[in-house]
Amino acid sequence: LHPASQRLLAIAACNTEVSTLVFDEPTIGLDSQGVAKVVALIDTLRVSGKAIVVITHDELLARHADRVITIEGGKLSKEIRCFVPLGGGV
């Protein structure tokens with residue numbers, strides 16, 4: 001995980017005034033270890049009560065969501081509600 005991304009996530013995690021965080025393609029260009037770090041940081045934010053919105057093409061990351069919304073051609077094409085235990089591995 002790029003050090004700048006780590007700092008941004010750490011700041012977001014510490015900011016108690018922010019209730020919702022949006023991440024746009026947070027795993028782009030990362031190896032599997034970097035993706036695992038992103039998942040762990042997002043899980044930490046979820047545990048702290050933050051609402052997390054992740055825009056991603058990364059299906060591995062999407063597997064960690066409580067809810068997945070797929071958009072195709074600018075329209076909602078599918079919505080899946082799921083439950084993944086926090087820290088449930090990449």
Side-chain angles (χ1 to χ4, degrees):
L1 186 59
H2 190 277
S5 298
Q6 288 180 346
R7 286 191 295 276
L8 287 174
L9 286 171
I11 290 166
C14 294
N15 188 340
T16 58
E17 309 247 342
V18 175
S19 61
T20 304
L21 297 163
V22 178
F23 297 97
D24 186 5
E25 297 289 356
T27 59
I28 196 148
L30 298 180
D31 61 14
S32 61
Q33 289 179 338
V35 172
K37 288 179 182 180
V38 168
V39 169
L41 289 167
I42 288 174
D43 281 348
T44 299
L45 294 168
R46 288 173 60 204
V47 168
S48 73
K50 307 283 187 206
I52 308 295
V53 177
V54 179
I55 299 122
T56 188
H57 290 91
D58 186 335
E59 291 183 21
L60 291 174
L61 181 58
R63 290 182 195 164
H64 290 268
D66 297 319
R67 183 173 162 197
V68 175
I69 298 172
T70 303
I71 299 172
E72 293 179 17
K75 296 183 180 178
L76 176 69
S77 66
K78 181 173 38 174
E79 179 178 354
I80 302 169
R81 292 186 182 269
C82 45
F83 173 77
V84 175
L86 295 177
V90 176

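The model shown is predicted, which means the values in this text are computed figures rather than measured ones. Below, all heavy atoms of this structure are taken into account, side chains as well, without hydrogens, waters or symmetry copies.
I28 forms part of no hydrophobic cluster, judged by ILVMFWY side-chain heavy-atom separations under 4.5 Å.
Using a 4.5 Å heavy-atom cutoff, the side chains of L41 and F23 are not in contact.
For CD of E59, the number of neighbouring non-hydrogen atoms (other residues, nucleotides, ligands) closer than 6.0 Å is 12 at most.
For E72, the side-chain contact (heavy atoms from CB on, under 4.5 Å) test picks out T70, S77, with sequence neighbours left out. Qualifying side-chain contact (heavy atoms from CB on, under 4.5 Å) partners for I55, counting only residues two or more places apart in sequence or in other chains: V22, D24.
Among all heavy-atom pairs drawn from P26 and L30, the shortest one is O-CD1, 3.5 Å. The shortest non-hydrogen separation linking I52 to R46 is CG1-CG, 3.8 Å. Nearest heavy atoms, E79 versus I69: CG-CG1, 4.1 Å.
L61 and L21 fall within the same hydrophobic cluster, defined by Ile, Leu, Val, Met, Phe, Trp and Tyr side-chain heavy atoms under 4.5 Å apart, directly or through other members. Cluster membership for V35 and L45, using ILVMFWY side-chain heavy atoms within less than 4.5 angstrom, is shared.
Put simply, OG1 on T44 and NZ on K50 are 12.0 Å apart, with the number rounded to the nearest 0.5 Å. With rounding to the nearest 0.5 angstrom, the NZ atom of K37 is 14.5 Å from the OG1 atom of T27.
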